[in-house]
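Hydrogens, waters and symmetry mates play no part in the numbers below; they use all other heavy atoms, side chains included. Order of the sequence lines fixes the chain letters, A, B, ..., with proteins taken first and strands second; residue numbering starts at 1 for each chain.
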There are 2 protein chains.
Amino acid sequence: MLKKERHNIIMRQINLHNRVLSSDLVELLNVSEDTIRRDLQELADDNLLNKVHGGALSKSYQSTFDDSKVYAKDAKISIAKKTASLIKDGMVVLTGGGTTVIELAKQLPQHLHATFITISPLVAVELAKYEKIEVILIGGLFAKNSQISYGGHVISQLADIRADLCLMGTSALHPTDGVTDTDWEINQLKKAMIASSKKTAILCISEKLGITLRLKVAGLENISYLVTELDADDQMLKAYQAKDLQII
Amino acid sequence: MLKKERHNIIMRQINLHNRVLSSDLVELLNVSEDTIRRDLQELADDNLLNKVHGGALSKSYQSTFDDSKVYAKDAKISIAKKTASLIKDGMVVLTGGGTTVIELAKQLPQHLHATFITISPLVAVELAKYEKIEVILIGGLFAKNSQISYGGHVISQLADIRADLCLMGTSALHPTDGVTDTDWEINQLKKAMIASSKKTAILCISEKLGITLRLKVAGLENISYLVTELDADDQMLKAYQAKDLQII
DNA sequence: AAAAATATTGCATGTATTTGCGGTGTTTTT
DNA sequence: AAAAACACCGCAAATACATGCAATATTTTT
């Protein structure tokens, strides 16, 4: 591989994600860390990026850097990172929509080689930025507020799928009532998603814990992982720990 | 072997692969490395390629990744507005992806009461902003570059659809050769889209007129409308006017 | 057609670049 | 405070490059 090609690829990654980790580039380009660091140094000398500890940032990203103070964004980023660690090479992952999942799609390691099936166009667009991830988008009626595909068409497509892991956000999670929701269509959809996957991880910021809504989606016994921004031994999570549920 | 021949072969390799290694050329052309280096130097002097350590890169390769700007935006907005006038209340409209169609999705009248079926998540997200438009997203494999769903799954879903109007951009339109493209999957997809619709409108900025590419999608006789940013009586459009094709 | 002039090519030489590695210092995380 | 991750330095091997020169090929001139 020519050095200039590497530089081009690095710049493409930067333009796509606004940041890169050296470790990701090592895997992606199959060269040593020293080479990556030298590359980043050269690109930084040419004023094409900002080199930082562990990787580099896009020049243009600097200005928008502090929009990370959106509501509960920190918590969601934290959840996203924890969830990313659940996903291994070769897995088939089924995802819903929701801001937490979109955040996850931005936080995956560059070298991840997996298949993602999603009902969310926004997630699909984010995932398309990764070289080694295959993306399958499930279509159907398009829900205006939640920006996902829904309806019978989606559910019948889900029936054909056997995923290793299902990732979904939720509006409510309760120690005894499990996952609940308010919308009939979403309820059906989530049930179908869980049924199509070997394991399910619920991504849930702490303030949605302890709430119960109208419609039951699944009991805790059907869930394998609960990912929140809290520490696994947090007081608030005690009630969930009894179950056969891994808390991250 | 003549020097000029070598140069031609080198340029063909460059245009084909966007890059070339000196070592590969040595094997391919059976000459010494010195000769290759001198060849590359001469071609670089003539501004035909970029010589780098270890080989050379195509001139255009550089620009393929830093073109974050939308090209010919004004023309596309003009086309979008004209196209919007084709869409009436109650219609079922099938759309492709592409920047022109996305622009259209931003320019529709708020009161429009129609059903849109699309293979483009980005179009779906834009359309979801209209109260009275029902959006159906067709899913399948997700194409990283063009950001649309493609593949057999998409085509079989299209077979179930009967739309009133199909809207698609194109890479090339020629008075006698009609709509052509370079990619096999896209080709199949567009054919299926046209077959599923009563009428088809091609959205095409003027600079793509008169071009023919490798694969034929459809003849002009299968197209009902041609929408460009030019006036309908423009000189350049004369060649298309003879056909049974409405130019807007 | 032969000779001269010119251009092209390959080789040898020395130089420059690129890259991975080990050792060591620094920063970040636990 | 310890451990882990990252960064920096210098070194050595491999590779790529520039240059002059001789051998060969091509074109031009006679």
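- Closest-nucleotide positions on DNA chain C for Glu33(B) and Arg6(A) were compared, and the one nearer the 5' end corresponds to Glu33(B).
- The CG-C1' distance, from Asp24(B) to dT15(D), rounds to 15 Å in whole Å.
- The Arg38(A) side chain lies nearest to dG10(D) when the options are dT19(D), dG10(D), dC17(D).
- Between dT18(C), dC17(D), dG10(C), one nucleotide has an atom nearer to the side chain of Lys3(A) than all others, and that is dT18(C).
- A centroid separation of less than 6.0 Å is found between the aromatic rings of His17(A) and Tyr130(A).
- Counting non-hydrogen atoms under 4.0 angstrom, Lys51(A) reaches the backbone sugars and phosphates but no base.
- Across the protein-nucleic acid pair, Leu25(A) atom CG and dT19(C) atom P stand 14 Å apart, rounded to whole Å.
- Closest contact between the side chain of Arg37(A) and the listed nucleotides dT9(C), dT19(C), dC8(D) involves dC8(D).
- In this entry the distance linking NZ of Lys4(B) with P of dT8(C) reads 12 Å, nearest Å.
- Comparing Thr35(A) and His53(A) by the nucleotide of DNA chain C whose heavy atom lies nearest to each, the residue mapping closer to the 5' end is Thr35(A).
- Residues Lys208(B) and Ser171(B) bring no donor and acceptor atom of their side chains to less than 3.5 Å of each other.
- Whole-Å rounding puts the Leu40(A) CG to dC8(D) P distance at 10 Å.
- The distance from atom CD of Glu5(B) to atom P of dT9(C) is 11 Å, rounded to the nearest whole Å.
- Listed nucleotides: dC21(C), dT19(C), dC11(C). Nearest to the side chain of Asp34(A): dC21(C).
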Please walk me through it: do Lys190(B) and Asp181(B) pass salt bridge (charged side-chain N to carboxylate O under 4.0 Å, His left out)?
-> CA-CA 10 Å; Lys190(B) 288 188 171 174; Asp181(B) 216 310; 3.1 Å; yes
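- Distance check: Asn50(B) CG to Ser58(B) OG gives 7.5 Å after rounding to the nearest 0.5 Å.
- Going from atom CD of Glu42(A) over to atom P of dA7(D) covers 16 Å, rounded to whole Å.
- In this structure, the CD1 atom of Ile36(A) is 14 Å from the P atom of dC21(C), given to the nearest Å.
- Atoms CD (Gln41(A)) and P (dT17(C)) sit 17 Å apart, rounded to a whole Å.
- Side-chain contact check for Gln157(A) and His153(B): at least one donor-acceptor pair (N or O, by modelled atom type) lies under 3.5 Å.
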